[in-house]
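All residue numbers in this chain count up from 1 along the given sequence.
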Amino acid sequence: MRWRSKKLPALLLGSALVASVLGLGTVATAADPGSPAPAGNHTGHTMAVSTQASGDDPDGDGYIPAVPQVTGVTPSTHTPPPRYHKEFQANCSVTHTAPDDPIVYPGQPGTSHDHTFMGNTTTNAHSTTASLYGGRTTCLAPADASAYWMPSLYNGDRKILPVGPQVIYYKAGVTDYTSVRPFPKGLRFVVGDPMQSADEFRRHRGFVEGWECGDSFFNADIPASCPSRPDVQLNIRMQAPSCWDGKYLDTPDHKSHMAYPVVKPGTNDNMCPASHPVALPMIEFKMAFPVNGDMSRVRLASGRGYSFHYDFFNAWEERTLKALVDRCIVGGFQCDARGYDLYHPERGPVLNADYRLP
């Protein structure tokens, strides 16, 4: 990918943002921006509008440079010994809901469609790296003060919130799992597109199993009905891009600084593209919503089920994140939130019983 200069003329930048890959429409002007969106509509999200000055972006151009930038990296083509799992979990519970989005609408409370937030308890439209870092969190590991959020789910007018810690995987997205390094402090991005069609959602690089409940799998939209049993919930899984350009913590479209791995020519191996050579953990949301039975009125605040997307804003304490990445991803283990691999108990956990570094 060829990078444009930051110093685009204002008119050109505006045109580029409007015609960005997200292709988003105008902001809803309903009196209550947090109210559920009518089925089939996409409201309260013009992702390319983050050209407003904020704590992390004082000039308001949408670019937040990494300090220092990561240079001199080439995508790894190494094939290490095969390991089936290279991951750990961040188990985080819902904290609150609000029509805020500190990535897309920084400093503009009430402008977004309603979001369900997990992790950092303070996340709002004014959140910055400094305000999140070291803050209180509902993640099991106190060092994970990151903010995670997604459009709220409604059944009619009733908001449906996930119950208990939700599974957020940190995985290797590339074949050379030994090349994965921790997220840089303050990195943020959006996964998916609230304006995508059902077909675009199904073909999205992050699509894993789509919407599922009971014996119904791989749905691009929320199923019309699910078995009405206590053990049945509505689930979705979606993976994030895991290759970074090494230059920016955010870009105006909240995506261009990140990329999905590509296939190494002549192999089945995955590697980062030359434009985004830095391998980072691949986040995967695995969300469970306590709703079943008649699903005809179930929808997202952003619209139909295929408008699902989510946001990540990194505020991990660096030493703890590095310890988990090194042991579980680089080491090739299947870890829980303590960095413990049930199949390799001799290794012991990374974190103590309080989910902290010893």
Side-chain angles (χ1 to χ4, degrees), residues 55-56 87-106 109 112 114-153 159-171 182-192 206 236-240 242 249-250 254 258 280-289 301 308-325 328 335-339 350-351 354-357:
D56 287 338
E87 65 187 37
F88 68 92
Q89 297 181 19
N91 298 138
C92 308
S93 300
V94 169
T95 58
H96 61 288
T97 65
D100 288 357
D101 190 323
I103 294 179
V104 178
Y105 295 114
S112 175
D114 199 73
H115 283 115
T116 294
F117 293 89
M118 296 170 288
N120 198 295
T121 61
T122 68
T123 312
N124 60 33
H126 300 286
S127 293
T128 63
T129 304
S131 73
L132 295 174
Y133 188 80
R136 294 182 60 187
T137 180
T138 60
C139 299
L140 294 183
D144 186 8
S146 303
Y148 308 87
W149 65 95
M150 58 191 170
S152 295
L153 186 84
K159 200 175 297 185
I160 306 295
L161 301 179
V163 178
Q166 299 299 293
V167 178
I168 301 170
Y169 289 108
Y170 282 57
K171 301 181 172 186
F183 291 118
K185 182 179 178 180
L187 181 76
R188 69 210 71 184
F189 51 77
V190 177
V191 183
I236 190 167
R237 299 176 67 165
M238 191 171 188
Q239 294 178 338
S242 61
L249 302 177
D250 197 12
H254 319 296
M258 300 295 297
L280 301 177
M282 174 175 276
I283 284 182
E284 179 182 311
F285 265 34
K286 184 181 179 182
M287 303 288 112
F289 301 89
F308 183 78
H309 57 286
Y310 64 87
D311 302 58
F312 169 66
F313 195 141
N314 177 44
W316 274 89
E317 187 275 319
E318 295 92 332
R319 294 182 309 114
T320 306
L321 178 59
K322 186 178 189 308
L324 288 167
V325 169
C328 303
C335 297
D336 62 12
R338 289 183 63 200
V350 175
L351 308 180
D354 296 324
Y355 294 88
R356 300 177 185 271
L357 280 178

Quiz prompt | Results of side chain to side chain donor-acceptor pair (under 3.5 Å) for Lys171 - residues two or more places apart only | solution = Glu284
Quiz item: Just wondering, do Tyr170 and Leu324 contact through their side chains at under 4.5 Å, heavy atoms?
Solution: no
Exercise. Mind checking ring-ring contact (aromatic ring centres under 6.0 Å, His included) for Phe312 and listing every partner two or more places apart, or none if nothing turns up?
Key: Tyr148, Phe183, Phe189
Quiz item: What residues form a side chain to side chain contact (heavy atoms under 4.5 Å, CB included) with Arg356, not counting sequence neighbours?
Solution: Pro142, Asn352, Asp354
Quiz item: Who are the ring-ring contact (aromatic ring centres under 6.0 Å, His included) partners of Tyr310, not counting sequence neighbours?
Solution: Phe285
Quiz prompt | Interatomic spacing from CD in Gln239 to CD1 in Ile283 - rounded to 0.5 Å | solution = 11.0 Å
Quiz item: Taking all non-hydrogen atoms of both residues, which atom of Pro182 and which atom of Lys322 are closest, and how far apart?
Solution: CG-CA, 3.8 Å
Practice problem: Would you please name every residue forming a ring-ring contact (aromatic ring centres under 6.0 Å, His included) with His96, sequence neighbours left out? | Solution: Phe117
Quiz prompt | Interatomic distance, Thr121 atom OG1 to Leu132 atom CG [nearest 0.5 angstrom] | solution = 9.5 Å
Self-check item: For Phe313, ring-ring contact (aromatic ring centres under 6.0 Å, His included) partners two or more places apart
Solution: none
Self-check item: From NE2 (His309) to NE2 (His115), nearest 0.5 Å
Solution: 4.0 Å
Exercise. Could you pull out the closest heavy-atom pair between Val350 and Ala323, with the gap in Å?
Key: CG1-CB, 3.7 Å
Quiz prompt | side chain to side chain donor-acceptor pair (under 3.5 Å) partners for Glu317, two or more places apart | solution = Arg319, Thr320
Exercise. Compare all side-chain heavy atoms of Pro106 with those of Arg188 and state whether any distance is below 4.5 angstrom.
Key: no
Exercise. Not counting sequence neighbours, which residues clear side chain to side chain contact (heavy atoms under 4.5 Å, CB included) with Thr97? List them please.
Key: Asp114, Thr116, Ser152, Lys159, Leu161
Quiz item: With sequence neighbours left out, what residues match Pro184 under side chain to side chain contact (heavy atoms under 4.5 Å, CB included)?
Solution: Leu187, Trp244, Leu249, Leu280
Quiz item: Short question: side chain of Gln166, backbone of Ala288 - any donor-acceptor pair under 3.5 Å?
Solution: yes
Practice problem: Determine the minimum heavy-atom distance between Ala315 and Ala145, stating which atoms define it. | Solution: CB-O, 3.4 Å
Self-check item: Tyr355: side chain to side chain donor-acceptor pair (under 3.5 Å) partners, not counting sequence neighbours
Solution: none
Quiz item: How about Thr138 and Val94: do any of their side-chain heavy atoms sit closer than 4.5 Å?
Solution: no
Quiz item: side chain to side chain contact (heavy atoms under 4.5 Å, CB included) with Gln89: which residues, sequence neighbours excluded?
Solution: Asn91, Val167, Tyr169
Quiz item: Where is the tightest heavy-atom contact between Asp144 and Cys92, given as atom of each residue plus distance?
Solution: OD2-SG, 4.0 Å
Self-check item: Donor-acceptor side-chain pairing of Asp56 and Thr129 below 3.5 angstrom
Solution: yes
Practice problem: Nearest 0.5 Å please: distance from the CD1 atom of Ile168 over to the CE atom of Met118. | Solution: 4.5 Å
Quiz item: Which heavy-atom pair separates Leu351 from Ala337 by the least distance, and what is that distance?
Solution: CD1-O, 3.5 Å
Self-check item: Rounded distance (nearest 0.5 Å) linking atom CG of Asp100 with atom OG of Ser127
Solution: 8.0 Å
Quiz item: Stepwise, does the side chain to side chain contact (heavy atoms under 4.5 Å, CB included) test hold for Thr123 with Thr95?
Solution: CA-CA 9 Å; Thr123 312; Thr95 58; 5.9 Å; no
Quiz item: Between atom OG of Ser146 and atom CG of Asp311, what is the distance when rounded to the nearest 0.5 Å?
Solution: 13.0 Å
Quiz prompt | Ser93: partners by side chain to side chain donor-acceptor pair (under 3.5 Å), with sequence neighbours left out | solution = none
Exercise. Taking all heavy atoms of Ala301 and all of Pro151, pick out the closest pair and write down the distance.
Key: N-CB, 4.4 Å
Quiz item: Are side-chain heavy atoms of Pro102 and Trp149 found at a separation under 4.5 Å?
Solution: yes
